[in-house]
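Working notes, beginning with the structure itself.
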Amino acid sequence: MATKNNIGPKRLVVGAHYGVRDWLAQRVTAIVMVIYTVILLGTFFSAPDFSYESWAGLFARQWFKLFSLVTFLGLYYHVWVGVRDIWMDYVKPVGVRLTLQIATVLWLLACAAWTVQILWSV
Amino acid sequence: MSEAVRGVPKKERPEFRNIHVTELANYRLPPSGMVSILHRISGFGLFLLLPFLLYLLQESLRSEWSFAHFAGIVDNVFVKIVLLGLSWAYLHHFSAGIRHLFMDNHMALDKDSAHATALLVLVISLALTVLVGLKLFGVF
């Protein structure tokens with residue numbers, strides 16, 4: 001690569017790499033969610049009946065609380081990337097798009113806080 | 001510009017535009033195209049109904065009384081239908097996402113395999129949704 005001619009005004013502007021980072025984050029969080037879903041469904045179907053004791057008993061364990069929280073935080077990042085793509089594809093006026101994107105971020109942050117409250121209520 | 005050039009009638013040229021909303025109904029997509037757009041629609045639907053799902057999770061976990069409240073909500077037929085729709089959305093997004101991960105790793109990228117795996121995603125997600133529906137409506 002001709003890196004020597006790549007200084008000052010000739011510098012190649014290639015962005016802040018957020019494209020690759022978000023692309024990768026969406027895939028990593030997807031894998032975490034797949035594992036979580038399989039564990040949750042396995043527990044759900046192997047239990048003899050769907051009662052409060054068995055359901056809350058699973059969520060009462062510390063490791064499952066932490067696993068759930070990590071999965072949900074990953075989910076919200078995943079949602080951010082996907083919903084941002086939708087706004088970018090279909091909403092062309094910059095002001096409306098920015099408003100929707102900000103609303104999405106704030107809403108997902110609120111959901112994250114709510115998730116903490118739910119998980120540690122049992 | 002000379003009169004001679006200006007006088008020549010413009011030739012009809014084919015015009016290509018993006019698909020319009022009104023054409024969506026009779027626009028036939030290949031299975032991979034259907035999986036792709038349904039992946040987006042199911043993801044957005046799940047995003048919109050996220051507060052409802054978190055509310056159900058909260059009621060199912062907080063206490064035995066809230067669990068009874070949760071069971072009461074889920075007992076409603078309309079809620080069951082909404083939950084069935086959300087189950088399909090989740091299972092479709094799940095299956096199509098796994099297909100996506102394989103394709104990211106350059107597997108099954110040619111036209112025939114992509115066609116086959118797209119059909120597989122549609123069939124598997126529908127079959128799993130039927131299973132969830134049978135469980136939801138108390139068949140087994």
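This is a predicted model, so every value here is computed, not measured. Below, read A as the first sequence line, B as the second, and so on, with proteins coming before strands; counting in each chain starts at 1.
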Heavy-atom nearest pair, A:Tyr90 first then B:Arg40, reads OH-NH1, 3.1 Å

For atom NZ of B:Lys111, decide whether the heavy atoms of other residues, nucleotides or ligands shown that lie under 6.0 angstrom number more than 12.
no

Between atom [atom1] of [X] and atom [atom2] of [Y], what is the distance when rounded to the nearest 0.5 Å?
| X | Y | atom1 | atom2 | answer |
| --- | --- | --- | --- | --- |
| A:Glu53 | B:Phe67 | CD | CZ | 8.5 Å |
| B:Phe44 | A:Trp87 | CZ | CH2 | 3.5 Å |
| A:Tyr76 | B:Phe47 | OH | CZ | 11.0 Å |
| B:Leu128 | A:Leu41 | CG | CG | 9.0 Å |
| A:Met33 | B:His93 | CE | NE2 | 7.0 Å |

Does [X] belong to the same Ile/Leu/Val/Met/Phe/Trp/Tyr cluster as [Y], with side-chain heavy atoms less than 4.5 Å apart forming each link?
| X | Y | result |
| --- | --- | --- |
| B:Leu29 | B:Met103 | no |
| A:Val83 | A:Tyr77 | yes |
| B:Ile37 | B:Leu48 | yes |
| B:Leu101 | B:Val121 | yes |
| B:Phe52 | A:Val79 | yes |

When the 4.5 angstrom heavy-atom criterion is applied to A:Val34 and chain B, the contacting part is both

When the 4.5 angstrom heavy-atom criterion is applied to A:Phe50 and chain B, the contacting part is both

Checking heavy-atom separations under 4.5 Å from chain B, one finds in residues 63-70 of chain A none

Against chain B, residues from residues 104-122 of chain A with at least one heavy atom under 4.5 Å, in numeric order, are A:Thr104, A:Trp107, A:Leu108, A:Cys111, A:Trp114, A:Thr115, A:Ile118, A:Ser121, A:Val122

Against chain A, residues from residues 69-90 of chain B with at least one heavy atom under 4.5 Å, in numeric order, are B:Phe70, B:Tyr90

Checking heavy-atom separations under 4.5 Å from chain A, one finds in residues 53-61 of chain B B:Leu54, B:Tyr55, B:Leu57, B:Gln58, B:Ser60, B:Leu61

Most heavy-atom pairs under 4.5 Å with chain B, out of A:Ser51, A:Ala60, A:Ala30, belong to A:Ser51

Applying a strict 4.5 Å limit to non-hydrogen atoms, the region of B:Leu50 in contact with chain A is side chain

